[in-house]
Asker: 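The structure under discussion is supplied below as structure tokens; questions concerning it will follow.
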Amino acid sequence: MLRQVAPTYKQASLLDCACRHLHRKTALQQLNKTLEVAIESALLAAQENGELPPFAIPRIPVSPPKRSAQGDWAYPAMGLARLAKKSPLEIARLIVERLPALNFLDKLEVAPPGFINCTIAEDYLRRQIDAIAAAGVDYFQLELGKGKRAQVEFVSANPSGPITIGHTRNAVVGDAMARLLEAAGYAVQREYYYNNAGNQMIILGKSLQLRYLQQLGEDAPLPADHYQGEYLVEVARDLAAEHGQSLRGASWQVFRDAAEQVMFGWIKRSLSAINIQHDAFYNETSLFESEEIWSVLEDLRANGHIYQSTHWEGADADEIAETSAKGYEPATWFRSATFGDEKDRVMVKSDGVPTYTLPDIAYHRDKLRRGFDVAVIVLGTDHFSQAQVVKCGIRALGLDPAPIDVIFLQMVRAVRWDEERGEYEAVKQSKRSGDFDTLDDLVAMTSADAVRYHMLARSPNSQLDFDVDQVVKQSNDNPVYYIQNAYVRCAGIFREAAERRLCDADADLSLLGESELRFTRKALEIGNCIEQAVRNYEPQKIAFFAQELAGVFHPIYDQVRVLHSEVPVETAKARLRFYRAAQAIFGYLLDLMGMSAPERM
RNA sequence: GCCUCUGUAGCUCAGCGGACAGAGCACCGGUCUUCUAAACCGAUGGUCGCAGGUUCGAGUCCUGCCAGGGGCGCCA
């Protein structure tokens, strides 16, 4: 009976697993997981012995207690009381008795109402300082996504103008997500998808054409629905300078293609200024050229999800009246409501031109066919409905959309303090009205590092007011510099140490104090932080973590001196080894956020 | 109307169902003859929007309200 619930081979495999973790030397260990596995096997052993009744053991994570005096992790045995029909304290004691030996643990304490408080062995921490100092960033490599392929599709702005502040947040979050996936062991592709087949690009081409004609002195007024931005005047001026009058009779397609080319040059340059590069650019037009969109439509039709009508099948009398008032001929509809959408959607308009949804579905089918284990898409919440429709389309094609996950970003605005009105005022960012802040503007006013940090350090589903003036004005109290300064301070120590010919070659780490070990404890949480960021799509976690770790570092730097007349040489060597590890850690964190790690500030 | 996000210190925000709810800024008081003070130390500051519910235990999960933002095209 007992064996059915707790077969011994399971216990053995759990212990094997724990041992494998213990024997890894240079890769980042997630000690909490090893501990959880060990606790589970202790419970199984207690069940085996009849000290506990058989029951399926729930996964209860260990977590760091709020008070550090209570140890590094706490396991609340209260959660087992009902299942085990014993008091939490009693269960906790049983676990501690049966727990396999773990080399990273120092002491275990049972505390009411039923916590097991676990403390890391100081020796273990010292060994990690050595390992980090020796291995550098390799120490932190996780194997969560080993052998798996991930794609992050982000920015994906249509090439109709410069990168705006909204795209910037998308870019920063997407790139950080890609870096975190890489840190977790995935092979990552960064992709940029853009719609260049639709109406917006036609209008862009025509807008540029008119601006060009204006350059030639013609009276060519820009209709209200055209792109009003000054930037097209610049492009037109360049065209006129390069081609003179020769494009006077050229078609709007020529101008559209020219505009696309110029805009992409700008976009890539702007992104690369904040350390972002895509591996692949995928455009909507290619789906027309390959006839993929028609193949998708036929497959949907074959599955019985397509029909011709002037209105959708579930429309009520009001909706029918509304559509008939527009006088449409029949269009081609996708029965998306069958798959949970609130209404059916048009795939091919009555004029025979596909909506953007059809290529969008074709694009995602192609993405799935490319076989990624994870395909993350970063989108603004204004695409929420659209993403649902695409998922309906994927299911209607008989495919599983599971690998696709979307990070939805809430709105970001650039704001400035309005002195006269005494309140914040949004800087407008509509491309067609021509009044907006661009990524280039943001970088020029602050810095690439400041833009990256501030865009990252907020939950994707929170709105973000990017206070332009404050990021500049308060730069001295900025988390950006606070974190970078931790790295800079380490670099300063090594510059000076080299000068004085001090080296940490035969450092004795037993000379390190409590605060250096406290820093190391905190630093070892990086693995959990990355895992959580990857699993839950919360790239902002790494930004908060970096700031917290810098907050542990700076007081230590203040107290724990290396190159001071009163510090004995042996102690100085040990501390130097510690700062070597600390520098590697901050270098790694800054790189995860795509920020620079300056040697001086 | 439907969908969605947000509400925690004066401000900006952290907070994995666990023990006395945290940080930065602002304000107040200290610290540079020692690796750059973009730093450090100390003090003040809370009906976790409201009301129920689940639980041994809720800022955290569920329901309903209240307040604010965003989205709901044969546009892309």
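First the proteins, then the strands, lettered A, B, ... as listed; each starts at 1. The basis for the numbers below is simple: all heavy atoms, side chains too, and nothing from hydrogens, waters or symmetry mates. Bear in mind that the values here come from a model prediction, so they are computed numbers and not experimental data.
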Asker: Considering only C35(B), A37(B), G68(B), which nucleotide approaches the side chain of Glu496(A) most closely?
Answerer: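 For the Glu496(A) side chain, the nearest candidate turns out to be C35(B).
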Asker: Using the P atom as the reference point in each nucleotide, state the distance between C5(B) and A14(B) in Å, no decimals.
Answerer: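 My reading of the P atoms in C5(B) and A14(B) gives 15 Å.
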Asker: Tyr328(A) on top of C74(B)'s base, within under 5.5 Å and under 30°?
Answerer: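 Yes, aromatic ring over the base.
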Asker: Does any part of the side chain of Asn461(A), heavy atoms only, come nearer than 4.5 Å to the side chain of Phe408(A), both counted from C-beta?
Answerer: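 In short, these two side chains do not touch, never coming nearer than 4.5 Å.
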Asker: Contact class for Thr357(A) (heavy atom, under 4.0 Å): base, sugar-phosphate, or nothing?
Answerer: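 Nothing, no nucleic acid heavy atom in range.
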Asker: What is the glycosidic conformation of C13(B): syn, defined as within 90° of 0, or anti?
Answerer: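 What C13(B) shows is an anti base, its glycosidic angle lying more than 90° from 0.
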Asker: Between Glu329(A) (CD) and C74(B) (P), how many Å, whole number?
Answerer: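 After rounding, the reported distance stands at 16 Å.
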Asker: At under 4.0 Å between heavy atoms, what does Ser565(A) touch on the DNA or RNA strands: base, sugar-phosphate, or nothing?
Answerer: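 Contact class for Ser565(A): none.
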Asker: With sugar-phosphate meaning primed atoms plus P, OP1 and OP2, does Arg489(A) contact a base, only sugar-phosphate, or nothing at under 4.0 Å between heavy atoms?
Answerer: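 Here Arg489(A) touches the backbone only, sparing every base.
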Asker: Extract the stems that RNA chain B is part of, considering only consecutive pairing runs of at least three Watson-Crick or G-U wobble pairs, both distances under 3.5 Å.
Answerer: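 The stems that RNA chain B takes part in, listed by first number, are B:1-7 with B:66-72, B:10-13 with B:22-25, B:28-31 with B:39-42, B:49-53 with B:61-65.
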Asker: For C61(B) versus G17(B), give the span between their P atoms, rounded off to a whole number of Å.
Answerer: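 To the nearest whole Å, 7 Å.
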Asker: Base, sugar-phosphate, or nothing: which does Ala81(A) touch, judged by heavy atoms less than 4.0 Å apart?
Answerer: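 It contacts nothing in the nucleic acid.
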Asker: Restricting both atoms to N or O, compile the protein contacts to nucleotides 45-48 of chain B shorter than 3.5 Å, with distance only.
Answerer:
none

Asker: Can you tell me if CD on Glu329(A) sees more than 12 non-hydrogen neighbours from other groups inside 6.0 Å?
Answerer: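 12 or below, so no.
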Asker: Map Pro555(A) and Ile493(A) onto RNA chain B by nearest heavy atom, then report which one ends up closer to the 5' terminus.
Answerer: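 The residue closer to the strand's 5' end, by nearest nucleotide, is Ile493(A).
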Asker: Look at the side-chain N and O atoms of Lys349(A) and state whether any lies under 4.0 Å from the OP1 or OP2 oxygen of C75(B).
Answerer: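 For C75(B), OP1 or OP2 has a side-chain N or O of Lys349(A) closer than 4.0 Å.
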Asker: Looking only at side-chain atoms of Val346(A), point me to the closest of C74(B), C40(B), A38(B).
Answerer: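 Out of C74(B), C40(B), A38(B), the nucleotide with an atom closest to Val346(A)'s side chain is C74(B).
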Asker: Measuring only the P atom in each nucleotide, how far is U12(B) from U4(B)? A whole number of Å is fine.
Answerer: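 One P to the other, the span is 26 Å.
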Asker: Rounded to the nearest 0.5 Å, what's the gap from OG1 on Thr355(A) to CG on Asn199(A)? Could you check?
Answerer: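 Here the interatomic distance stands at 12.5 Å.
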Asker: Taking the nucleotide of RNA chain B with the nearest heavy atom to each, does Tyr482(A) or Val560(A) sit closer to the 5' end?
Answerer: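 Nearest-nucleotide comparison on RNA chain B picks Val560(A).
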Asker: What nucleotide among A38(B), C72(B), G69(B) has an atom nearest to a side-chain atom of Glu342(A)?
Answerer: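 The nucleotide sitting nearest to the side chain is C72(B).
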Asker: Less than 4.5 Å apart, side chain to side chain, heavy atoms only: is that true for His364(A) and Ile377(A)?
Answerer: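 Side-chain contact under 4.5 Å: yes.
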Asker: Quick check against the 3.5 Å criterion: does Asp316(A) have a side-chain atom that pairs as donor or acceptor with the backbone of Glu319(A)?
Answerer: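 Yes; at least one donor-acceptor contact below 3.5 Å.
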Asker: Indicate for each nucleotide in nucleotides 14-19 of chain B, in 5' to 3' sequence, whether protein heavy atoms under 4.0 Å reach the base (B), only the sugar-phosphate (S), or nothing (-).
Answerer: SSB-BB
Asker: Which atom pair, heavy atoms only, marks the closest approach of Asn196(A) to Glu284(A)?
Answerer: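 Closest heavy-atom pair between Asn196(A) and Glu284(A): N-OE1, 3.3 Å.
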Asker: How would you label the contact of Glu599(A) with the nucleic acid (heavy atoms, under 4.0 Å): base, sugar-phosphate, or nothing?
Answerer: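 No contact.
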Asker: Check the angle between the aromatic planes of Phe553(A) and Phe586(A) and answer parallel, tilted or perpendicular using the 30° and 60° thresholds.
Answerer: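 Perpendicular: the ring planes of Phe553(A) and Phe586(A) meet at over 60°.
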Asker: Looking at C3(B), C35(B), A39(B), which one has an atom nearest to any side-chain atom of Arg561(A)?
Answerer: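 Nucleotide nearest to Arg561(A)'s side chain: C35(B).
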Asker: Please state the P separation for the pair G15(B) and G22(B) - nearest whole angstrom.
Answerer: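 15 Å, rounded to whole Å.
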Asker: Would you measure the distance from the P atom in C72(B) across to the matching atom in C28(B) and give it in whole Å?
Answerer: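 Looking at atom P only, C72(B) and C28(B) are 47 Å apart.
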Asker: Just confirming the chi classification of C28(B), syn or anti, using 90° around 0 as the syn window.
Answerer: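 For C28(B), whose glycosidic angle is more than 90° from 0, the conformation is anti.
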Asker: Any donor-acceptor pair under 3.5 Å linking the side chain of Gln532(A) with the backbone of Cys529(A)?
Answerer: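 Answer holds: no.
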Asker: For Trp73(A), which of Asn32(A), Ile116(A), Ile39(A) qualifies under side chain to side chain contact (heavy atoms under 4.5 Å, CB included)?
Answerer: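 Running side chain to side chain contact (heavy atoms under 4.5 Å, CB included) over Asn32(A), Ile116(A), Ile39(A) with Trp73(A) returns exactly one hit, Asn32(A).
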Asker: Might you point out which heavy atoms bring Pro539(A) and Val173(A) nearest each other, and give the distance in Å?
Answerer: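 Heavy atoms of Pro539(A) and Val173(A) come nearest at CG-CG1, 3.9 Å.
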Asker: With rounding to the closest Å, how many angstrom separate the P atoms on A67(B) and G10(B)?
Answerer: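 23 Å, rounded to whole Å.
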Asker: Give me the distance, rounded to whole Å, that separates C66(B) from A21(B) when you measure between the P atoms they each carry.
Answerer: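 It comes out at 31 Å once rounded to the nearest Å.
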Asker: When the aromatic ring centroids of Phe494(A) and Tyr579(A) are compared, is their separation below 6.0 Å?
Answerer: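 Phe494(A) vs Tyr579(A): aromatic centres not under 6.0 Å.
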Asker: Mind checking whether Tyr282(A) and Tyr193(A) have parallel, tilted or perpendicular rings, split at 30° and 60°?
Answerer: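 Rings of Tyr282(A) and Tyr193(A): tilted, as their planes differ by 30° to 60°.
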Asker: Among Lys107(A), Arg521(A), Lys522(A), find the one that has a salt bridge (Lys or Arg N to Asp or Glu O under 4.0 Å) with Asp72(A).
Answerer: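 Per the salt bridge (Lys or Arg N to Asp or Glu O under 4.0 Å) rule, the option paired with Asp72(A) is Arg521(A), out of Lys107(A), Arg521(A), Lys522(A).
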Asker: Find the distance between NE2 (His554(A)) and CG (Asp558(A)) and round it off to the nearest 0.5 Å.
Answerer: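 One finds 10.0 Å between NE2 of His554(A) and CG of Asp558(A).
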Asker: Quote, to the nearest angstrom, the P distance that separates C13(B) from G53(B).
Answerer: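 Approximately 33 Å lies between the P atom of C13(B) and that of G53(B).
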Asker: Is there a donor on the side chain of Gln547(A) or the base of G24(B) sitting less than 3.5 Å from an acceptor on the other?
Answerer: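 Under the 3.5 Å cut-off, the side chain and the base do not form any donor-acceptor pair.
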